[in-house]
2 protein chains.
Amino acid sequence: MHSQITIKEIATEAGVSVATVSRALNDSPRVTPATKQRIQQIANQLGYRVNDLARSIRVKKTFTLGVVISNILTSFFTEIIDQLEEQALQNHYQIIIARTNEDAASEQQAISALQQRMVDGLIVATADVNNILTNLDSTTPTVFIDRQPQEVQGNFDVVLTENTEGAAEIVTTMLHQGAQRIGFINSPVSTTSTERLQGYRQALSQTELPLDDRLVLASTVDYANVADLTGKLVYNLRCDGIIAADNQILLHILHRLTDRDFPQIILGSFDDSPWLQVMRYPMVIAKQPTAQIAKVAFDLLMKRIQDPNRATNIKRVKTTLVRY
Amino acid sequence: MHSQITIKEIATEAGVSVATVSRALNDSPRVTPATKQRIQQIANQLGYRVNDLARSIRVKKTFTLGVVISNILTSFFTEIIDQLEEQALQNHYQIIIARTNEDAASEQQAISALQQRMVDGLIVATADVNNILTNLDSTTPTVFIDRQPQEVQGNFDVVLTENTEGAAEIVTTMLHQGAQRIGFINSPVSTTSTERLQGYRQALSQTELPLDDRLVLASTVDYANVADLTGKLVYNLRCDGIIAADNQILLHILHRLTDRDFPQIILGSFDDSPWLQVMRYPMVIAKQPTAQIAKVAFDLLMKRIQDPNRATNIKRVKTTLVRY
DNA sequence: CTGTTAGCGCGTTCAG
DNA sequence: CTGAACGCGCTAACAG
């Protein structure tokens, strides 16, 4: 942060007051076009640039948004961030991203840091299932995405995916493709996996197939046991289909499947990736509409910033089924 | 940006002056431990949080870094960003990311916006081959990554990959694997692809194989023609190996290759992806050490922020070869 | 149409 | 050890 030239210097240079310079630079109608132009020219010559810090502190608005997510290495969040950047760009906002690694304490810290930066609003995919967030003074306009916060107080908005419906569609499509016995490897995090599991159960209960709870297994946070679970499902439990609760689990399943001479089974999962198309493996994928999620979340946040007291709004977006 | 409680309110509450409060909160030794503790307690009770804006404007330091890259959808940049976040977290910095979509004008705009935000430093993978950046007042400490800036004035640092060496290693390994005729699909962007092409030529010129320039083709910016180029290389020009200048090109090649009944050839490329491991296709990949790039860049930037006038420093990091 | 004055929230002299 | 006063760079209120 080097010392810059300020409106004060422009003022003395132009022989006017700082107020006039400020007005001229902000294209206020309350200044003669002649002097306005002259001042703007001097500003250009001197290579002047506003100090947004000073400006923000004065107008009480930073045009900055905080985005709190678990990690940026999965395509789901990456795509959302990309589209949020796009929205931000178009609306003259900037975005600060904070990772939490699915850790509640980190999340708290991240949010605090962002609030100290005086962000105008927050978009958060909370890792905090049981919302220690309640402690947080929720004075900052916030919209939650991807995961349902439990008991946050104050007004806020939520954008969620139709997980139950999506999972059910995956199941019926897999059955349609010939699968008879479908296993489920669950993700340890958040509310989404619960909903997806529920969709799996719902869809199966509407068939004649027995609902076998032994076919539902849980991955660890680091996915270290997914390979084992996959083997168990295919060999011991004789599954001919497996649903992965998310992209990362799918990756680890594939790892095991292509590792040795496994019988070809059919896979189901959420979240698309450009690499899946070239995978040469039968898969049924429920794509989450990342661009839409970002757009809806952004719009809701804009409205809430404008009117922080408007009623809470919960939106659900639909998945799209793709077969590879 | 809601109205918060300030040190002034703490001052009146504690019956002291704002100066004392400021000192107490910053753990200054110039205040009695007793009152210090009392003030800190009151601050906690009131849920006080510093206004980093005001603080930054006063101490002339924002603890914010700007990161300017083309996009965040490719794993190379995603991984770098992830590691930069990690470094930032450990050093109490925050990061603002700006996308450029490989567009020089967007890059200028992004950098200006970041400078107005008074970022302490900049990390940029420039899209601007011929450096209109020269116009930019380079008063902000900057380190360039991935691409070599041409004629930027002022002091700065650079972190680059050994692209020539990496490409040469890819070629020799592919030859070793049995390839006889290796094509090259080049990326339209930046200095990296030039270096990689050079490595390809160098390695081939050290063999008895003829150097055939018809085997070197150029992709468009949107990769739309990569499928065609792939077909041309395999069918018309009878290649049994293709090197993709980057990850995205590789993806589009695979798309074509798995689309129909192509003869199995061997592929080479830069940048790893977790999905490549499960691809079941013979590939030779030169991994760029993203974590190292991020770490080195961050460290260089820290040093340059501390001493903006230190001599320019150019670092090269090595690729690691992986075979799938 | 323009200049003067007054803060925004904070850290830091300079006096006590 | 503490308080009063000042200023960071900018915009807004109030006068002229």
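Chain A is the first sequence line, chain B the second, and so forth, proteins listed ahead of strands; every chain is numbered from 1.
Atoms CD1 (A:I7) and P (C:dT2) sit 16 Å apart, rounded to a whole Å. Atom P of nucleotide C:dG9 and atom CZ of B:R49 are separated by 15 Å, given to the nearest angstrom. One atom, NZ of A:K61, and another, C1' of D:dA12, lie 18 Å apart when rounded to the nearest Å. One interatomic measurement links the two molecules: CD1 of A:I57 to P of D:dC10, which rounds to 12 Å at whole-angstrom precision. When rounded to the nearest whole Å, the span between NZ of B:K60 and C1' of C:dG9 equals 15 Å. Taking atom CG of B:D52 as the reference point, atom P of C:dG11 lies 9 Å away to the nearest angstrom. Rounding to whole angstrom units, CD of residue A:E9 and C1' of D:dC8 are separated by 13 Å. Between B:R117 atom CZ and D:dG9 atom P there is a gap of 18 Å when expressed in whole angstrom units.
Applying the 4.0 Å criterion to OP1 and OP2 of C:dT12, one finds that B:S22 has every side-chain N and O outside that range. OP1 and OP2 of D:dC8 both lie 4.0 Å or more from every side-chain N or O belonging to A:T6. Between A:T35 and C:dC1 there is no side-chain N or O to OP1 or OP2 distance below 4.0 Å. A:K8 has no side-chain polar atom (N or O) that falls below the 4.0 Å cut-off from OP1 or OP2 of D:dG7. The side chain of A:Y48 contributes an N or O atom lying less than 4.0 Å from OP1 or OP2 of D:dC10. In this model, the phosphate group of D:dC8 is not approached by any side-chain N or O of B:S56 to a distance below 4.0 Å at OP1 or OP2. Note on B:R58: every side-chain N or O is 4.0 Å or more away from OP1 and OP2 of C:dG9. Here B:N26 reaches the OP1 or OP2 of C:dG11: one of its side-chain N or O atoms lies under 4.0 Å away.
Each of A:R55 and B:T32 lies near DNA chain D, and the nucleotide nearest B:T32 is the one positioned closer to the 5' end.
Between A:L53 and B:S56, some side-chain heavy-atom pair lies under the 4.5 Å cut-off. Side-chain contact check for B:I305 versus B:K61: some heavy-atom pair is nearer than 4.5 Å.
Checked against D:dC14, C:dC8, D:dC10, the side chain of A:R30 finds its nearest nucleotide in D:dC14. Nearest nucleotide to the A:A19 side chain, out of C:dT4, D:dG9, D:dT2: C:dT4. Distance from the side chain of B:V59 is smallest for C:dG11 among the nucleotides C:dG11, D:dC10, D:dA13. For B:A54, taking side-chain heavy atoms from C-beta onward, the closest of the listed nucleotides D:dG9, C:dG3, C:dG9 is C:dG9. The side chain of A:S17 has C:dG3 as its nearest neighbour among C:dC10, C:dG3, D:dT2.
Across all strands shown, B:V16 has heavy atoms under 4.0 Å from sugar-phosphate atoms exclusively, and none from any base.
With respect to B:D307 and B:K303, no salt bridge is recorded, no charged nitrogen being found less than 4.0 Å from a carboxylate O. Using a 4.0 Å cut-off between charged side-chain N and carboxylate O, A:D27 and A:K36 make a salt bridge. Between B:E86 and A:R99, at least one side-chain N (NZ, or NE/NH1/NH2) sits under 4.0 Å from a carboxylate O, which counts as a salt bridge.
Although no hydrogens or angles enter the test, the distance criterion places no donor-acceptor pair under 3.5 Å between the side chain of A:N155 and the main chain of A:T312.
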